[in-house]
Protein chains: 4
Amino acid sequence: MAEIAEMAGVAIGTIYRYFETKNVLITELYQELENKIMKVLHDGYLLGTPVQKRFFYIIRELLRYFITHPTHFRYMEQYCNSPYGLSVHRDRLLGKLGTHNNILMGIFDEGIEQQILKELPKPVLCSLAFGPMIHLMRDHILGFIILDEVLIKHITEACWDAIKR
Amino acid sequence: MAEIAEMAGVAIGTIYRYFETKNVLITELYQELENKIMKVLHDGYLLGTPVQKRFFYIIRELLRYFITHPTHFRYMEQYCNSPYGLSVHRDRLLGKLGTHNNILMGIFDEGIEQQILKELPKPVLCSLAFGPMIHLMRDHILGFIILDEVLIKHITEACWDAIKR
Amino acid sequence: MAEIAEMAGVAIGTIYRYFETKNVLITELYQELENKIMKVLHDGYLLGTPVQKRFFYIIRELLRYFITHPTHFRYMEQYCNSPYGLSVHRDRLLGKLGTHNNILMGIFDEGIEQQILKELPKPVLCSLAFGPMIHLMRDHILGFIILDEVLIKHITEACWDAIKR
Amino acid sequence: MAEIAEMAGVAIGTIYRYFETKNVLITELYQELENKIMKVLHDGYLLGTPVQKRFFYIIRELLRYFITHPTHFRYMEQYCNSPYGLSVHRDRLLGKLGTHNNILMGIFDEGIEQQILKELPKPVLCSLAFGPMIHLMRDHILGFIILDEVLIKHITEACWDAIKR
DNA sequence: CATGAATGAGTTTTCATTCAT
DNA sequence: TATGAATGAAAACTCATTCAT
């Protein structure tokens, strides 16, 4: 907390006017980032276009967002792997978070229905689609690979190969 | 450290006879687990069999190992997402760890050469192959899905679809 | 101070326009309450009536006051048992506060002179007269006994028995 | 806590090996003192002697104890007037603390039965008997009166006058 | 005059590490 | 070599007070 206060250029006590607790600060920051990302995805979303097109759109936007906001990515990843984050993950998968993942889930539902996607449980499709991306973001941030537009396209295609029939 | 000592049934001070520092303990434990896994993979490894067969073997064995040792999975995942772990990851990708990933890298090299796999950078192939698995292990541990043999087969096939030409 | 400001419906800073310091606020509030009580006692006071009558009057009025103003009682008691209050108590007993306790002290002086009361030091008479009352007020506030008029009468008589010859 | 640690001649952290929390420390210290006092009262207790004799014994012993342990008195009084202490007081009166007050309650029960004492609720008798004593202890500690054996005798007699028929 | 966000010294609590036995 | 009580630096949190608006 001392370090955060210093970087924010305020006194320690000031933080506590805005966040009841360190835990609250951590959780609310996570939620804020998540909302930001969801907003980005929603804003340019192409309702009514074919499943594949929407899928490509989402993967590309997510990667772009994280590439331009690497600290957001680092934070969210660390959060999800901490005791704090487990419950969030749980809520996500159980669909409690409602509107958020509807975009993704909608694509999967539709894709399965139209027999475009493999008939696998949604958590599995989810992992096939996003697992690689998350890994690659880390490599990108650490400087091991450079995710340019061409590579992103290849990766997205590979992920699509994983989930499509 | 107090908690670890208690669970180990020794005095706190005793830990420090075996591990100079908490950090050392954490890192050495990680390396021990990693070695264990590498040994498992090596032991039953089918040198000389076709690329796909070896790939399936590795994914299956890893999932099996983690399913029977969920605490190992949790620990390694948490470690890799902590400041401790970043350096390990870096070493891994830069090939410093030598022998370990040679199995995997060997498959990828061979697969690319034989034009079986997509011609993508190895970190990308790596993520396509293992990213989904890691995600799904978490879901499995949290009880959201049950990774039985059938599902594992489907998932492995999907991962193969992602990396194969 | 924040809590007080909120309950008073003013901003925190406003308090400091009326009370230089938290300590000042605490002490002045105590004195205000004390003055209020003294005023009540003085107002209906029966100068010139027999010692016993006056004694009964005081005990009764004090109990009535505290029963109708339990928060005043709680506050004064807590104040007297805090480091703040010790000095007040000291002043009281040393007679510095002048007029206030004169009523009580007058009764004791007179009573001793007329050989109605035991010839004990005034602090002792004071304790015999008021000690029980204070204890019982606490029990009343906590709901362990209900101090109705009948019980108050019995208690006052008992206190009188304690100090009378 | 820092001050306590310093006075105890230990490091701050050491306190927490013996008391989980500041609150626990405060409460346990109170209970220890209470037990000590109860032990003193029990030890020399004259079972089977007349009610009055036992009453005198208790008042005398209590005063003696507090006179020789003024800090104990200060601590217990402050504790009882703090939010911590209210619950203790509640338990006491509701008889939950069992054996402790049985000595006192026993005297009151017997005294009422034998028609020696006034037929008042026990909390009232309790206050009449101990209220003055508590007040006087404070005066004694502050140096306003000196409770010598003679004065103690007079006070005890006065308290007896208050509760006896 | 009133406001309330900002302050930061002070308090409680934690926990990796040490060291006398 | 094992023990675990003691350590104290560092962390989280509180709250009376200030001061620019």
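Within every chain, numbering begins at 1; the chains are lettered A, B, ... in the order of the sequence lines, protein sequences first and strands thereafter.
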Inset, instruction - Both distances under 3.5 Å, Watson-Crick or G-U wobble: report the partner of F/dT21, or none. - result: E/dA2

Legend entry - Interatomic spacing from CD1 in A/Ile37 to CE in A/Met76 - rounded to 0.5 Å: 4.0 Å

Legend entry - From CA spacing to verdict: side-chain contact (heavy atoms from CB on, under 4.5 Å), A/Lys22, A/Ile26: CA-CA 6 Å; A/Lys22 194 184 94 171; A/Ile26 288 172; 4.1 Å; yes

Legend entry - Side chains of D/Tyr30 and D/Glu34, donor plus acceptor under 3.5 Å: yes

Legend entry - Under-4.0 Å side-chain N/O to phosphate OP1/OP2 contact, C/Arg17 with E/dC1: no

Legend entry - Side chains of A/Tyr79 and A/Thr27 in contact at under 4.5 Å (non-hydrogen atoms): yes

Inset, instruction - Measure from CD1 on A/Ile15 to C1' on F/dA11 and round the result to the nearest Å. - result: 12 Å

Legend entry - Between CZ on residue C/Arg138 and SG on residue D/Cys80, distance to nearest 0.5 Å: 6.5 Å

Legend entry - Euclidean distance for P, F/dT21 against E/dC1 (whole angstrom): 22 Å

Legend entry - Where protein sits on nucleotides 10-21 of chain E, one letter per nucleotide: B base, S sugar-phosphate only, - none, heavy atoms under 4.0 Å: --SBB-SBB---

Legend entry - Nucleotide nearest C/Tyr18 when distance is taken to its side chain, options E/dT7, F/dT7, E/dA2: E/dA2

Inset, instruction - Verify whether the ring centers belonging to C/Phe73 and C/His140 lie closer than 6.0 Å. - result: no

